[in-house]
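Starting from 1, each residue takes its place in the sequence as its number.
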Amino acid sequence: MEEGKKFYPTGAYADLRKKALEDPEGFWANEARNIPWFRQWDRTLNWEEPFAKWFEGGLTNASYACLDAHLDSHTRNKVAYYWEDEFGNTRTLSYLQLWAEVNRLASALRMAGVKKGDIVMIYLPMIPELPVSMLALARLGAPHSIVFSGFSSQALADRITDTGAKMLITADFGLRRGKYIPLKVIADQAVRTCPTIRNVVVVRRGPAEQEVDMEEGRDVYYHDLLKNGDAFIEPEKVESAHPLYILYTSGTTGKPKGIVHSTGGYMVFCKSTFKWVFDPRPEWIYWCTADIGWVTGHTYIVYAPLVSGTTSFMFEGSPDYPSIERWWELIERYGINIFYTSPTALRMFMRFGEDPIRKHDLRSLRLLGSVGEPINPEVWEWYFKAIGGERCPIVDTWWQTETGGVLISPAPGCGLVPLKPGSATFPLPGIDVGIVDDQGKPVQDGTRGLLVIRRPWPGMLMTLHQDPKRYTEVYWSRFKGMYLAGDYAIRDGEGYLWLLGRADETLKVAGHRLGTAEIESAAVSMHFVAEAAVVGVPDQVKGEEIVLFAILRQGNNPSPELRKKLSDGIRTLIGPIAVPKEIHFVGKLPKTRSGKIMRRILKALATGTGIGDVSTLEDATSVEEIKRTYEEMKAMMAQK
Ligand code: PRX
């Protein structure tokens with residue numbers, strides 16, 4: 001049905017998609033031959049819904065695939081990472097040099113007791129030691145769990161507790177807008193409540209004169225540890241389904257979900273999607289501006305570019321510091337060819353106009369990418385013209401922490417289709433996308449529905465850490481045989497997919513995924529808050545912003561001091577990214593008879609847009625009741 005339509009991929013690309021869906025296992029087995037294996041798999045897919053084991057019987061290692069496998073080719077002396085920080089400090093690591101440091105660290109970690117299956121936490125800023133640590137752990141078969149270095153000590157402690165990790169790798173300081181952030185102090189606070197941690201490895205990167213406290217017997221400097229390491233350590237031959245990492249992401253309950261990714265299937269997916277989406281020439285330099293603390297960085301700063309032998313540029317710093325020209329200056333100086341960033345960053349730059357951009361020669365750019373949230377068509381146009389000089393295709397890549405890699409995107413590596421600003425175009429080969437209604441039935445083209453994936457793919461999460469039940473419930477129980485992505489989407493008359501944002505109670509603030517429940521539970525954990533409800537409201541730069549409604553406990557009165565206390569509390573419990581833009585103290589929260597918060601009313605109050613058409617509300621509450629509650633709330637808020 002699909003392929004005959006006007007804009008659908010044609011020619012070789014259409015054949016590839018067709019072949020992939022007709023014989024997915026044969027297709028993925030073919031793709032799997034593009035990464036190195038110590039032992040070939042016996043079975044391409046063992047699918048016991050909802051648990052997929054890809055390339056069963058196969059043995060591989062991610063560090064081997066990313067490093068050793070390149071040493072016999074000209075990639076050996078090719079740059080793996082150019083790195084630069086805000087101060088202009090630089091470091092360049094060839095594939096050989098990266099391999100050498102990874103081996104030395106892996107060997108030293110082995111001597112320190114890390115072995116296959118041990119989970120090790122990483123809380124590091126964007127420094128080369130971060131990919132080195134990931135790859136060293138992968139070499140030992142020890143899954144890493146990275147916590148974004150902007151998260152608070154409490155968020156770090158929660159994740160350490162969930163994994164039961166014995167080791168943490170951190171740094172003395174992080175760097176943000178010219179200031180050193182005391183990461184070790186934050187890590188120490190977290191470790192105080194995590195008795196499982198026995199060793200803390202500390203990378204020194206702060207100013208030489210600033211010492212940090214080191215606990216005797218527990219803490220060791222990374223560079224001292226390296227000195228113990230041998231020059232080479234055999235990579236552990238791990239089963240394809242051996243976990244490569246656990247990465248926590250927000251869901252609809254207060255507790256973040258520990259997404260578990262495999263080694264074999266994930267690496268195959270890294271290799272294939274990187275080729276299809278970014279189509280890098282061997283000499284190209286690629287820059288993904290994400291932080292490695294998020295999935296975009298895991299996959300498209302570390303594993304995918306390295307397994308593909310690509311040269312990446314890695315930057316530690318903010319886009320607008322010390323000036324709004326910083327990124328353009330870097331693109332010019334490093335001759336970046338592929339640039340992959342977020343709509344939030346683009347919207348921020350747009351406000352400053354094109355002058356800061358015109359001062360720089362961006363003609364090295366060949367391909368532009370976008371990720372993390374829907375890109376508004378006008379932002380897409382601006383990206384295409386102002387940054388890409390109308391020469392570079394834009395790959396709008398839709399995916400999730402759970403999917404491991406891109407599922408929906410233009411694929412220049414397969415054959416470029418005409419692009420439509422704001423549409424992620426088509427699923428990649430082998431990805432079977434559906435858009436369904438509440439009952440799981442496909443909706444008509446042009447009608448909004450829930451995005452589902454109708455068969456497993458190699459990069460798919462394997463489970464939630466120690467919670468297979470929640471994994472099954474969240475992703476596979478609403479509709480039989482379909483992975484529920486949690487997003488709304490529309491397929492237009494020409495088959496293009498338009499991703500419309502989350503269909504559940506998670507927010508995307510500046511591209512960061514946050515659960516409303518997570519912020520609410522942080523709020524109510526403060527002694528003066530009785531109840532809290534969070535909604536996302538549109539924001540011109542960040543896409544969405546957080547608005548919090550809180551009922552104070554008896555004996556507390558609304559005041560600027562309490563508002564600040566509440567903000568600070570959320571900052572301490574989760575991190576700066578979760579701090580609400582607005583806090584409203586209210587006497588009650590609008591709820592349905594069954595006790596569900598009527599978020600739509602709160603949204604209307606927060607945006608001041610009025611309640612609009614309420615006849616389409618899904619819950620059983622009467623229209624009258626909603627209108628009445630809305631008016632009551634509005635009057636209540638107006639009194640203050
Ligand atoms: O809502 C979708 C949005 O980001 C969500 C996944 O967030 P996270 O797990 O943090 O991963 C982000 C980076 C891969 C999705 O459910 N999203 C991601 N990319 C796009 C997008 N929404 C629209 N268009 C995109 N290109």
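- Partners of His70 by ring pair (Phe, Tyr, Trp, His ring centres under 6.0 Å), not counting sequence neighbours, listed by chain and number: Tyr95.
- Contacts of Trp37 classified as ring pair (Phe, Tyr, Trp, His ring centres under 6.0 Å), with partners at least two apart in sequence or in another chain: Trp41, Phe55.
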Point to revise | Verdict with supporting geometry, Lys508 and Asp487, salt bridge (Lys or Arg N to Asp or Glu O under 4.0 Å) | key: CA-CA 12 Å; Lys508 272 282 167 163; Asp487 277 34; over 6 Å; no
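- Listed by chain and number, the residues in a side chain to side chain contact (heavy atoms under 4.5 Å, CB included) with Arg198 are Lys166 (sequence neighbours excluded).
- Counting heavy-atom neighbours within 6.0 Å of Lys271 NZ, excluding the residue itself, gives a total above 12.
- Residues Val201 and Leu168 form no side-chain contact, since every pair of their non-hydrogen atoms from C-beta on lies 4.5 Å or further apart.
- Counting heavy atoms from C-beta outward, Pro429 and Cys414 have side chains that approach closer than 4.5 Å.
- More than 12 non-hydrogen atoms from other residues, nucleotides or ligands lie less than 6.0 angstrom from NZ of Lys275.
- In this structure, the ring pair (Phe, Tyr, Trp, His ring centres under 6.0 Å) partners of Phe151, at least two apart in sequence or on a different chain, are Phe148, Trp294.
- For the atom pair CE of Met111 and CG of Leu225, the computed distance is 9.5 Å after rounding to the nearest 0.5 Å.
- Note: Glu518 CD to Thr252 OG1 = 10.5 Å, rounded to the nearest 0.5 Å.
- Listed by first and then second residue, the side-chain hydrogen bond (donor to acceptor under 3.5 Å, both in side chains) pairs that reach into residues 302-315 are His144-Tyr303, sequence neighbours excluded.
- Applying the side-chain hydrogen bond (donor to acceptor under 3.5 Å, both in side chains) criterion to Thr397, with sequence neighbours excluded, gives Tyr340.
- Residues satisfying the side chain to side chain contact (heavy atoms under 4.5 Å, CB included) test with Val114, not counting sequence neighbours, are Leu109, Asp118, Val120, Leu137, Leu140, Ala142, Met167.
- Annotation: side chain of Leu428 is not in contact with side chain of Leu407 (no heavy-atom distance under 4.5 Å).
- Pairs passing the side-chain hydrogen bond (donor to acceptor under 3.5 Å, both in side chains) check and including a residue from residues 58-67, sequence neighbours excluded, read Ser63-Arg139.
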Practice item. Evaluate the ring-ring contact (aromatic ring centres under 6.0 Å, His included) criterion for residues Tyr266 and Tyr245: first the C-alpha distance (whole Å), next the side-chain angles of each, then the deciding distance (0.1 Å), finally the verdict. Key: CA-CA 10 Å; Tyr266 175 80; Tyr245 65 80; 5.2 Å; yes
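- Residues Trp476 and Glu49 meet the side-chain proximity criterion, which asks for heavy atoms closer than 4.5 Å.
- Checked against side-chain hydrogen bond (donor to acceptor under 3.5 Å, both in side chains), Ser423 has no partners two or more places apart in sequence or in another chain.
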Practice item. Go through the steps for Glu25 and Thr44 under the test side chain to side chain donor-acceptor pair (under 3.5 Å), then give the verdict. Key: CA-CA 6 Å; Glu25 291 187 26; Thr44 301; 4.9 Å; no
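- Listed by chain and number, the residues in a ring pair (Phe, Tyr, Trp, His ring centres under 6.0 Å) with Trp399 are Tyr300 (sequence neighbours excluded).
- No side-chain heavy atom of Lys255 sits less than 4.5 Å from a side-chain heavy atom of Asp158.
- The side chain to side chain contact (heavy atoms under 4.5 Å, CB included) check on Ala52 picks up Leu45, Trp47, Trp54, Pro456, Met460, with sequence neighbours excluded.
- The distance from atom CD1 of Ile233 to atom OG of Ser107, rounded to the nearest 0.5 Å, is 5.0 Å.
- If you look at Tyr286 and Phe278, their ring centroids are closer than 6.0 Å.
- Taking the side chain as every heavy atom from C-beta outward, Val433 and Ile408 approach each other to under 4.5 Å.
- For Asn46, the side-chain hydrogen bond (donor to acceptor under 3.5 Å, both in side chains) partners are Glu56, not counting sequence neighbours.
- Looking at Pro374 and Leu499, their side chains never come closer than 4.5 Å, going by heavy atoms from C-beta outward.
- Using the six-membered ring where Trp is involved, Tyr483 and Tyr475 have ring planes that are parallel, under 30° apart on the 30 and 60° scheme.
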